[in-house]
Amino acid sequence: MGKVTISTLDKMKANGEKFVCITAYDATFARLVSEAGAETILVGDSLGMVLQGHDSTIPVTTDHMAYHTECVSRAAPHSLVIADMPFMSYTGPEQTMENATALMQAGAQMVKMEGGTWLSDSISMLVERGIPVCAHLGLTPQSVNQFGGFKVQGRTPKEAKSILADAVEIQDAGASLLVLECIPSTLATDISSKLDIPVIGIGAGAGTDAQVLVMHDMLGLSEHTARFVENFMEGQTTIQGALRAFVEAVKAGEYPREEHTYT
Ligand code: KIV
């Protein structure tokens with residue numbers, strides 16, 4: 001198997017083939033995720049919660065992200081590695097460029113940033129200089145204090161319209177991928193069909209081009225999980241089995257189901 005690239009994911013979208021993303025933060029799990037057949041690995045700033053024990057992603061720094069990106073990228077020869085830019089690491093052009101460079105030099109093939117229209121200039125700046133960008137809309141965890149908790153987004157017509165407009169704008173700015181988190185499935189399906197770039201869903205129903213889950217959640221290790229999470233360890237005796245079960249379920253259209261979906 002060769003290295004997955006943006007072109008691989010574009011072709012999969014064009015062919016209606018679902019792809020898979022799983023978070024990983026170290027070399028061993030990156031290898032297992034890659035061997036399970038996940039096309040992409042996200043070094044998520046969720047590490048602030050699942051590794052560091054914080055109650056949000058806000059304390060995570062670019063140094064933390066660069067360290068874990070290095071660990072993952074050494075062990076994921078086939079999967080495309082996406083690294084999260086953490087809270088307040090992309091507020092202005094120079095800072096954005098410096099921090100995105102640090103993550104790419106740590107081994108990422110793409111950086112992820114939370115936000116819509118206001119990110120357009122930053123996305124264009126990075127893309128023009130050779131750094132691919134994945135945007136993240138809907139429930140963007142770095143804005144948890146603005147939202148007043150980890151709440152489903154896009155439920156009112158006004159919010160839904162604004163998320164769709166943001167999605168179109170970040171695509172026009174040059175983003176290669178989009179993550180949609182915790183939005184109604186009808187909205188996610190509509191956005192996925194309107195955009196040319198692949199859309200990865202989490203708590204966004206079955207109509208997106210791909211699915212992502214935080215590894216600790218899908219292995220049943222997290223204390224609290226949202227309704228969209230399935231414990232893929234159930235019925236399995238090994239972590240490898242659970243990772244493969246998730247990959248196969250997404251590709252077969254068997255995950256997510258109605259009970260994982262927000263309306
Ligand atoms: O940080 C992360 O793991 C994420 C996923 C929840 C998409 O952003």
Side-chain angles (χ1 to χ4, degrees), residues 9 19-26 29-30 33 38-62 64-69 71-72 76 79-90 99 103 108 110-116 119 133-144 147 149-154 163 167 170 175-183 188 191-192 197-205 208-219 221-222 224-230 243 246 250 255-256 260 262:
L9 305 179
F19 65 88
V20 181
C21 181
I22 306 177
T23 68
Y25 317 97
D26 69 20
F29 282 102
V33 167
E39 285 82 2
T40 59
I41 295 179
L42 173 65
V43 189
D45 61 354
S46 49
L47 67 83
M49 300 167 91
V50 298
L51 298 192
Q52 297 175 337
H54 296 295
D55 61 3
S56 79
T57 58
I58 288 170
V60 178
T61 66
T62 301
H64 297 153
M65 292 308 304
Y67 172 77
H68 289 282
T69 301
C71 298
V72 166
S79 309
L80 183 129
V81 176
I82 306 167
D84 256 332
M85 295 195 64
F87 183 65
M88 291 297 148
S89 68
Y90 44 102
N99 289 325
L103 297 181
M110 187 180 294
V111 297
K112 178 163 84 58
M113 300 193 285
E114 297 183 4
L119 275 182
V133 175
C134 174
H136 185 157
L137 295 171
L139 170 51
T140 44
Q142 291 169 16
S143 303
V144 60
F147 295 144
F150 293 98
K151 294 179 181 161
V152 179
Q153 302 295 307
I163 294 173
I170 62 95
S176 300
L177 289 178
L178 170 64
V179 168
L180 290 177
E181 179 163 354
C182 285
I183 62 170
I191 294 173
S192 306
I197 59 171
V199 176
I200 307 177
I202 173 165
T208 54
D209 307 302
Q211 296 290 328
V212 57
L213 282 178
V214 170
M215 185 201 281
H216 294 60
D217 292 348
M218 48 86 54
L219 293 180
L221 300 173
S222 302
H224 309 288
T225 50
R227 69 176 279 171
F228 60 80
V229 174
E230 176 162 327
L243 294 171
F246 174 53
V250 170
Y255 174 84
H260 303 121
Y262 300 106

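For the numbers below, each heavy atom of this structure counts, side chains included, while hydrogens, waters and symmetry mates do not. Counting starts at 1 for both ligands and their atoms, in listed order.
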- Query: Parallel, tilted or perpendicular for H216 and Y25, by the 30°/60° rule?
  - Reply: tilted
- Task: Classify the angle between the aromatic ring planes of F228 and Y262 as parallel (below 30°), tilted (30 to 60°) or perpendicular (above 60°).
- Result: perpendicular
- Task: Tell me which protein heavy atom sits closest to atom 3 (O) of ligand 1, plus the residue, atom name and distance to 0.1 Å.
- Result: S46 OG, 2.6 Å
- Please report which non-hydrogen protein atom sits nearest to atom 4 (C) of ligand 1, along with the residue it belongs to and the distance in Å to one decimal place. L42 CD2, 3.5 Å
Does [X] reach ligand 1 with a nitrogen or oxygen that is under 3.5 Å from one of the ligand's nitrogen or oxygen atoms?
X    : result
Y25  : no
K112 : yes
E181 : no

- Task: List the steps, then state whether side-chain hydrogen bond (donor to acceptor under 3.5 Å, both in side chains) holds for D209 with S192.
- Result: CA-CA 7 Å; D209 307 302; S192 306; 4.6 Å; no
Distance under 4.0 Å to a non-hydrogen atom of [X]: what atoms of ligand 1 satisfy this?
X    : value
D84  : 1 (O), 2 (C), 8 (O)
I202 : 6 (C)
T23  : 3 (O)
G44  : 1 (O), 2 (C), 3 (O)

Part of [X] within contact of ligand 1 (heavy atoms, under 4.0 Å):
X   : answer
L47 : neither
D45 : both
T57 : neither

- Message: For a side-chain hydrogen bond (donor to acceptor under 3.5 Å, both in side chains) check, start with the C-alpha distance between Q52 and H64, then their side-chain angles and the critical distance, and finish with the verdict.
- Response: CA-CA 10 Å; Q52 297 175 337; H64 297 153; 3.3 Å; yes
- Message: Can you tell me if E114 contacts ligand 1 (heavy atom of the residue under 4.0 Å from the ligand)?
- Response: no
- Where A76 and V81 come nearest, the two heavy atoms and their spacing: CB-CG2, 4.1 Å
Check for a donor-acceptor pair, side chain of [X] on one end and backbone N or O of [Y] on the other, with a separation under 3.5 Å.
X    : Y    : value
E114 : Q142 : yes
T208 : A210 : yes
Q211 : G205 : yes
S79  : A38  : yes

